[in-house]
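Structure record follows, encoded as structure tokens.
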Amino acid sequence: MDSVNQINDSVENSGESKSIDFVRDIVSEDRRTNDGDNQVITRFPPEPNGYMHIGHVKSATLNFGIASETNGTCNLRFDDTNPTKEDIEYTNAFEKDLKWLGLDWGDHKYFSSDYFDKLYEYALILIQKSKAYVCDLNQDEIRNYRGTLTQPGRESPYRDRPIEENIQLFEGMKAGRFEEGSRVLRAKIDMASGNLNMRDPVLYRILKSEHHRTRDKWCIYPTYDFAHGQSDSIEGVTHSICTLEFADHRPLYDWLLEALGIYHPKQIEFARLNLSHTVLSKRNLSRLVSDHHVDGWDDPRMPTVSGMRRRGYTPKALKDFCERIGVAKRDNTVELALLEHCVREDLNKSAKRVMGVLNPLRVVIENYPADQVEELNAVNNPEDPEMGSRKVPFSREIYIERDDFLEDPPKKFFRLTPGREVRLRYGYFITCTDVLKNPDGEIVELRCTYDPDTKGGHAPDGRKVKGTIHWVSVQHAINAQIRIYDNLFIDSKPDPEKDLSDTLNPNSLNVLTGCKVEPSVREATKEDMYQFERQGYFCVDSRDSIPEELVFNRTVSLRDSWGKKKKEM
RNA sequence: UGCCCGGUGGUGUAGUGGUAGCACAAAGGACUUUGAAUCCUUUAACCCAGGUUCGAAUCCUGGCCGGGCAGCCA
């Protein structure tokens, strides 16, 4: 939010009118034009029938961002007009996620259901004006009467009912005198319109199920089209920002407000976010959960806020991402790489460095005294001296990463090989003298010697080593389970029609056990972020980690130019 | 054969009549006690065709391509 303000400031100072996105252009143009009242009110209107995901974050940062940049307000409004789908569980989850993101609605928390009485009055007014009528057609009949994309519809036989009869019938609907599905209230617009939304759209339907807030007070509920615009109007929303698929509804949005003669907010549509290698539609996300392809809505592979949070993504990274992707009207698929870049950029500055060996290989340093332990000094974060340093215990037996040793190395392999000297990070130079194998020929242990003069990693004679590898003292190592995540989907643009099992990445989760981590992480608490040097960023899993068996999630790997090169070889 | 919205490097996004910019990605190099970070360099784009204009990514016309819409979902 701050950086956005900075951008605005610098723009104002330089006297330029550099645009940030077309929505903000419209808002500032409106502010310039409406002399007197420049108050901006936006709203973030989730339907509480699913969990917040990265697509919601784009919308939320847009709405809350515009409000904060203009000293306006952004209302959190739960769009709860369909009791059969919505639940309190989801409203709580949304609030939790928004708070975690640092998006603050103050005391502007509303529900569409707060306006059910008012909305009912509005409906009566429409009937009164002969702009709405009760229709007895059933669902199939309404569909048939609507016509098709290329053919006009036919008018309902109930379209010209007298006003009085409509009022009585509508009151009857409210009183529960009619069966669910037997009647609806419809707007009287134009059955021949090229825009199907204008072919006498349904305004109210009978739904005899309990609403999570209004309980059994109502058995008729407004549709989205009737609730949304009027709720915007009631709240004095100036800019009602929604996604592209609602553009077709704007004529209806405008028509209703005009017909009622009430305050008329402006609807603006932008393109929703698509992210590569994942899905963002509510339907597909819940399919992943219900079919057990993931372990719940907060599975760290999920693009949900709770999943990303558990994975170790930070609010700052998420908001930075939303700023970078921009806001426009063309369909788009943003590469996951950009999100990962934002995460790395934040964590590079803030995460404490630590050494952890994912796939341990035992190394015995033969000329190091068996009973000796040294405390070596290690920097906590080279990007931030304020974070200080720590002591790391060193002893005769250590673990190194299996990938850091190769008996028969390719060119440009800088790590340990037989006879070669490398540096142990913050430790000594060691040279590999022997390779021990089991009967199957697998390497089980390395024998090395160290140079006592290279403590801390410097050679007094000035000789250089090409490689520096990380390590953990065997007797001091903490055991950990580490979960390595990869893209949920193989395809960058998963086809929702395809069978999920054909397009899901079978290796999206790789659980490593027996990992060895330096003792300083014993103090790790939930959601603490670490960089395991040369590996990536990791956080303690908030659900499964216990002090006796730490569980880490790999948030994102470090960039790995060697790994890339290796793949090509 | 209806209505609406869009097409700028691989991806995302600026540019609104005057040298097509930025970020991510990719490639190369420098530096390096993280093959990280940092720094430098490079590759790479206006859907097509006409028109208006001294000059068009931008304005006009016609195509082409993509997306959305036929819930009593939002």
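Each chain gets a letter, A, B and so on, in the order its sequence line appears, and its residues count up from 1. In this text the structure is predicted, and so the values were computed from the model without any measurement.
- The side chain of Ser492(A) places no N or O atom within less than 4.0 Å of a non-bridging phosphate oxygen (OP1 or OP2) of rU11(B).
- In this structure, Lys466(A) forms a cation-pi arrangement with Phe414(A), its terminal cationic atom sitting closer than 6.0 Å to the ring centre and no more than 45° off the ring axis.
- Here rA70(B) presents its C1' atom at 13 Å from CZ of Arg186(A), a figure rounded to the nearest Å.
- Shown here, rA44(B) forms no base pair; nothing in the strands shown gives a Watson-Crick or G-U wobble contact with both key distances under 3.5 Å.
- Nucleotide rU38(B) forms a Watson-Crick or G-U wobble pair with rA30(B), both donor-acceptor distances falling under 3.5 Å.
- Applying the Watson-Crick and G-U wobble criteria (two distances, each under 3.5 Å), rC3(B) pairs with rG68(B).
- In this structure, the CG atom of Asp560(A) is 9 Å from the P atom of rG35(B), given to the nearest Å.
- Under the side chain to side chain contact (heavy atoms under 4.5 Å, CB included) criterion, Lys174(A) pairs with Tyr120(A), Trp218(A), Ile220(A), not counting sequence neighbours.
- Residue Ser561(A) has a polar side-chain atom (N or O) positioned under 4.0 Å from OP1 or OP2 of rA36(B).
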Donor-acceptor pairs are to be reported for all side-chain atoms of residues 331-343 of chain A against protein atoms at under 3.5 Å, with residues two or more places apart or in another chain.
| residue | atom | partner | partner atom | Å |
| --- | --- | --- | --- | --- |
| Asn332(A) | ND2 | Arg272(A) | O | 3.4 |
| Asn332(A) | ND2 | Arg330(A) | O | 3.3 |
| Thr333(A) | OG1 | Lys493(A) | NZ | 3.4 |

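- Applying the side chain to side chain donor-acceptor pair (under 3.5 Å) criterion to Gln139(A), with sequence neighbours excluded, gives no partner residue.
- Within the nucleic acid shown, Ser276(A) has no heavy atom closer than 4.0 Å to any nucleic acid atom.
- For Arg463(A), the side chain to side chain contact (heavy atoms under 4.5 Å, CB included) partners are Glu421(A), Phe429(A), Asp451(A), Thr454(A), Ala459(A), Asp461(A), not counting sequence neighbours.
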Scoring nucleotides 63-69 of chain B by protein non-hydrogen atoms under 4.0 Å (B base, S sugar-phosphate only, - none) yields ----SBB

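- Applying the side chain to side chain contact (heavy atoms under 4.5 Å, CB included) rule to Pro152(A) yields the partners Ala192(A); only residues at least two apart in sequence or on another chain are considered.
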List the steps, then state whether side chain to side chain donor-acceptor pair (under 3.5 Å) holds for His249(A) with Asp225(A). CA-CA 7 Å; His249(A) 294 247; Asp225(A) 283 311; 2.7 Å; yes

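- Candidate nucleotides rG10(B), rU34(B), rU32(B) were compared by shortest atom distance to the side chain of Glu335(A), and rG10(B) ranks first.
- In the region residues 222-231 of chain A, proximity to RNA chain B at under 4.0 angstrom, judged on heavy atoms, holds for Thr223(A), Tyr224(A).
- Under 4.0 angstrom from either OP1 or OP2 of rA26(B) there lies at least one side-chain N or O belonging to Lys564(A).
- Glu47(A) comes within contact range of the sugar-phosphate backbone alone, with a heavy-atom separation under 4.0 Å but no base atom that close.
- Thr148(A) comes within 4.0 angstrom of a base, heavy atoms only.
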Would you list the protein and nucleotides 38-41 of chain B atom pairs, both N or O, that sit under 3.5 Å from each other?
none

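- Note on Arg353(A): a base of the nucleic acid sits closer than 4.0 angstrom, heavy atoms only.
- When the side-chain nitrogen and oxygen atoms of Arg324(A) are compared with OP1 and OP2 of rU13(B), none of them lie within a distance under 4.0 Å.
- On the P atoms, rA70(B) is 47 Å away from rU38(B), given to the nearest whole Å.
- Nucleotide rG50(B) carries an anti base; the chi torsion (O4'-C1'-N9-C4 or O4'-C1'-N1-C2) is more than 90° from 0.
- In terms of phosphate contacts, Arg534(A) brings a side-chain nitrogen or oxygen within less than 4.0 Å of OP1 or OP2 of rG35(B).
- Looking at heavy-atom distances under 4.0 Å, Arg415(A) makes contact with a base.
- For the C1' atoms, the distance from rU43(B) to rC47(B) is 23 Å, rounded to whole Å.
- For rU34(B), the OP1/OP2 oxygens have no side-chain nitrogen or oxygen of His470(A) closer than 4.0 Å.
- One can place CG of Leu424(A) at 13 Å from C1' of rU34(B), the figure rounded to the nearest angstrom.
- Tyr537(A) has its OH atom 8 Å from the P atom of rA37(B), to the nearest Å.
- With P as the reference atom, rA23(B) and rC40(B) are 10 Å apart, rounded to whole Å.
- Within 4.0 Å of Thr81(A), counting heavy atoms only, lie sugar-phosphate atoms of the nucleic acid but no base atom.
- Evaluation of the side chain to side chain donor-acceptor pair (under 3.5 Å) rule for Arg143(A) yields Asp140(A) as partners, not counting sequence neighbours.
- Remark: the Tyr158(A) side chain and the Asn166(A) side chain contain no N/O donor-acceptor pair separated by less than 3.5 Å.
- Here Arg330(A) reaches the OP1 or OP2 of rA14(B): one of its side-chain N or O atoms lies under 4.0 Å away.
- Taking the C1' atom of each, rU61(B) and rG67(B) are spaced 24 Å apart, rounded to whole Å.
- Taking atom P in both rG68(B) and rG35(B), the straight-line distance is 46 Å, to the nearest Å.
- Looking at residues two or more places apart in sequence or on another chain, you find a side chain to side chain contact (heavy atoms under 4.5 Å, CB included) between Asn82(A) and Glu47(A), Thr84(A), Lys85(A), Glu86(A), Arg205(A), Leu207(A).
- Heavy atoms of Gln531(A) sit under 4.0 angstrom from at least one base atom.
- Tyr450(A) is linked by a side chain to side chain donor-acceptor pair (under 3.5 Å) to nothing, counting only residues two or more places apart in sequence or in another chain.
- Applying the side chain to side chain donor-acceptor pair (under 3.5 Å) test to pairs two or more places apart or on separate chains, those with a residue in residues 190-202 of chain A are Tyr133(A)-Asp200(A), Arg159(A)-Asp200(A).
- Taking side-chain N and O atoms only, Asn332(A) has no distance below 4.0 Å to OP1 or OP2 of rG12(B).
- Screening Arg534(A), Glu518(A), Arg353(A) against His470(A) for a side chain to side chain contact (heavy atoms under 4.5 Å, CB included) leaves a single residue, Arg534(A).
- Residue Val202(A) has its side chain nearest to rC72(B) when only rG12(B), rA14(B), rC72(B) are considered.
- Note on Val465(A): nothing from the nucleic acid sits closer than 4.0 angstrom, heavy atoms only.
- Contacts of Lys412(A) with the nucleic acid, taken as non-hydrogen atoms under 4.0 Å apart, include base atoms.
- Atom C1' of rU41(B) sits at a distance of 15 Å from the matching atom of rC31(B), rounded to the whole Å.
- Pairing of rU61(B), defined by two Watson-Crick or G-U wobble distances under 3.5 Å, is identified with rA49(B).
- Summarising the base pairing, rA20(B) is matched to no nucleotide, lacking a Watson-Crick or G-U wobble pair whose two defining distances lie under 3.5 Å.
- Each of rU32(B), rU34(B), rC72(B) was ranked by its minimum atom distance to the side chain of Leu558(A); first place goes to rU34(B).
- Here Arg146(A) reaches the OP1 or OP2 of rG71(B): one of its side-chain N or O atoms lies under 4.0 Å away.
- A salt bridge is absent between Lys349(A) and Asp384(A): the closest approach of a Lys/Arg side-chain nitrogen to an acidic carboxylate oxygen does not fall below 4.0 angstrom.
- Remark: Arg344(A) is not positioned above the aromatic ring of Tyr537(A), lacking an NZ or CZ atom under 6.0 angstrom from the ring centre and at most 45 degrees off the axis.
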